[in-house]
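Naming convention: chains lettered A, B, ... in sequence-line order (proteins, then strands); numbering from 1 in each chain.
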There are 2 protein chains.
Amino acid sequence: MDAGPDLAALAGAVGDATRIRMLELLMEGRSLVAKELAFGTGVSPATATVHLKRLEQARLIRSTRQGRNKVFRLATPTVARMVEALMTVAVRGPRASATPEPLRAARYCYDHLAGRLGMGITDALLRGGHLSLRRRAFALTPSGEDWFEAFGIELAPLREQRRQFAHRCLDWSERRDHLAGALGAALASRVFSLGWVERQPDSRGLVVTPSGQRGLRRHFGAL
Amino acid sequence: MDAGPDLAALAGAVGDATRIRMLELLMEGRSLVAKELAFGTGVSPATATVHLKRLEQARLIRSTRQGRNKVFRLATPTVARMVEALMTVAVRGPRASATPEPLRAARYCYDHLAGRLGMGITDALLRGGHLSLRRRAFALTPSGEDWFEAFGIELAPLREQRRQFAHRCLDWSERRDHLAGALGAALASRVFSLGWVERQPDSRGLVVTPSGQRGLRRHFGAL
DNA sequence: TCCATCGTTCGTTCCATGACGAACCGTTTC
DNA sequence: GAAACGGTTCGTCATGGAACGAACGATGGA
């Protein structure tokens with residue numbers, strides 16, 4: 001009698017505190033092994049196995065074996081966007097203002113930069129004419145191609161990836177789009193390896209280092 | 001230890017087959033009374049009451065009393081977008097191609113037109129220069145203002161509404177944006193009152209009437 | 001080879017909660 | 001006023017499933 005996609009099955013897979021927490025942990029973009037996910041959700045390895053299996057059957061996550069470890073990641077960027085959409089709804093209500101300031105300032109969203117940092121960088125790239133807006137994505141302008149190469153990011157390999165190149169991702173704290181996709185991930189990775197931002201332990205939160213302050217200002221102006 | 005919005009509470013509210021089905025029913029944009037939602041989900045009125053209360057406490061739906069009836073609707077367009085995001089994920093997998101053709105052709109998404117019909121109209125308006133793309137929304141061009149007025153839609157009252165005027169809504173079957181927001185809703189309502197499209201019973205699906213075929217072609221060209 | 005570690009499987013326990021019917025309250029209609 | 005109807009509340013039942021510990025297989029390191 002129903003119609004369209006099988007929402008009930010998906011909702012069942014998502015609708016558990018432990019499992020949604022696992023998805024939240026994976027939103028950092030890191031690949032996590034089963035044990036980390038068990039610890040991160042405060043649950044025994046045995047229980048974690050069951051949940052992870054269920055998430056995998058629902059195609060929300062994927063796993064690969066690495067030796068005796070099993071590492072998990074979100075199945076697709078679409079899943080990440082779904083989780084973001086859930087966050088966008090969950091953020092209102094009485095606890096709305098309880099969103100921790102560090103997370104609003106800078107955080108990982110799946111595998112790219114979000115929060116005010118991600119927004120600021122995206123805005124700067126738009127202002128500088130390095131990015132332009134397209135229907136469902138950003139587009140890299142000629143000057144943008146030079147800019148990214150100069151920033152130390154090789155574009156050719158990124159274009160060969162199957163995932164979207166410069167996706168637009170809606171930010172639950174800023175309520176606007178920031179740069180995602182292969183290009184966004186590469187940018188985040190580059191900023192990270194430059195030592196400009198560092199992970200906060202056990203959180204999606206990021207901190208900008210002193211050298212990062214300088215570097216970001218130099219490249220993106222006042223964020 | 002957690003951070004950000006309270007996903008667990010939201011996931012709990014969403015993660016039940018009956019409740020997600022209720023949200024799905026409300027995605028048609030209609031306001032439905034409790035009894036209809038009970039019948040639509042195949043559950044007793046008593047059970048429906050409990051579910052509806054829970055959804056309301058999670059701020060996913062809102063209700064108003066009308067006489068001895070209680071009518072429900074989605075709380076905000078943000079909720080509608082969240083449900084769409086869930087659908088977008090749920091649609092892949094083995095049953096992907098099982099999405100009923102009528103729904104792909106034309107359907108309600110919350111309160112505006114979606115599916116190929118919604119996409120086609122949106123595209124035609126873009127091609128005609130009546131709409132332009134903005135960051136997170138569409139914008140009405142000067143020629144667009146004339147067009148909508150000529151089509152029988154008063155814009156002034158729409159602009160006064162608190163909701164977004166010309167929102168972009170991602171379509172789970174077409175995977176692109178279509179026109180939503182106050183303007184999208186008004187357009188859908190107008191097309192409906194012209195008798196160009198009709199509801200399919202017990203479904204989000206829409207059918208284009210013969211006069212609708214002509215009217216749509218005349219105004220939007222080949223869809 | 002032996003041991004440590006990781007993940008899975010199995011069996012068990014236990015709690016949350018989804019469902020219903022019956023009784024009840026308020027509104028509308030006749 | 002009486003009857004009909006919509007919705008809510010209450011009590012009860014049953015079931016699903018989340019959690020754990022223990023035992024087991026597999027992998028990698030010493």
For [X] and [Y], work out which heavy atoms get closest and say how close.
| X | Y | value |
| --- | --- | --- |
| A13(B) | L55(B) | O-CD2, 4.0 Å |
| H51(A) | D16(A) | CE1-OD2, 3.6 Å |
| I61(B) | L52(B) | CD1-O, 3.6 Å |
| V208(A) | Q213(A) | CG1-N, 3.6 Å |
| D6(A) | A90(B) | O-CB, 3.8 Å |
| V43(B) | A48(B) | CG1-N, 3.7 Å |

task = Say whether T209(B) and E198(B), considering side chains only, have a donor N or O and an acceptor N or O under 3.5 Å apart.
result = no
ask   = Honestly, is R199(A) close enough over F192(A), meaning NZ or CZ under 6.0 Å from the six-membered ring centre and within 45° of the axis?
value = yes
query = Think R62(B) forms a cation-pi with F72(B), using NZ or CZ under 6.0 Å from the six-ring centre and within 45 degrees of its axis?
reply = no
Looking for any heavy atom pair under 4.0 Å, which part of the strands does [X] touch: base, sugar-phosphate only, or nothing?
| X | value |
| --- | --- |
| R19(B) | sugar-phosphate |
| V43(B) | sugar-phosphate |
| A46(A) | base |

ask   = How about T41(A) and L25(A): do any of their side-chain heavy atoms sit closer than 4.5 Å?
value = yes
request  = Would you please indicate yes or no on a ring centroid separation below 6.0 angstrom for F151(A) and W196(A)?
outcome  = yes
note = Of D16(B) and V33(A), the one whose closest nucleotide on DNA chain C sits nearer the 5' end is V33(A)
task = Rounded to 10°, tell me the angle between the two end axes of the helix from dT1(C)-dA30(D) to dC30(C)-dG1(D), each built from five pairs.
result = 30°
ask   = Mind checking which nucleotides bracket the chain A contacts on DNA chain C, 5' to 3', with an atom under 4.0 Å from a heavy atom?
value = dA4(C) to dT9(C)
ask   = Which residue lies toward the 5' end of DNA chain D, T18(A) or A48(B), if each is placed at its nearest nucleotide?
value = A48(B)
message = Closest-nucleotide mapping onto DNA chain D: is G42(A) or V50(B) further toward the 5' terminus? I mean the 5' end.
response = V50(B)
remark   = Note: chain A reaches DNA chain D at heavy-atom distances under 4.0 Å over the stretch, first to last nt, 5' to 3', of dA18(D) to dG28(D)
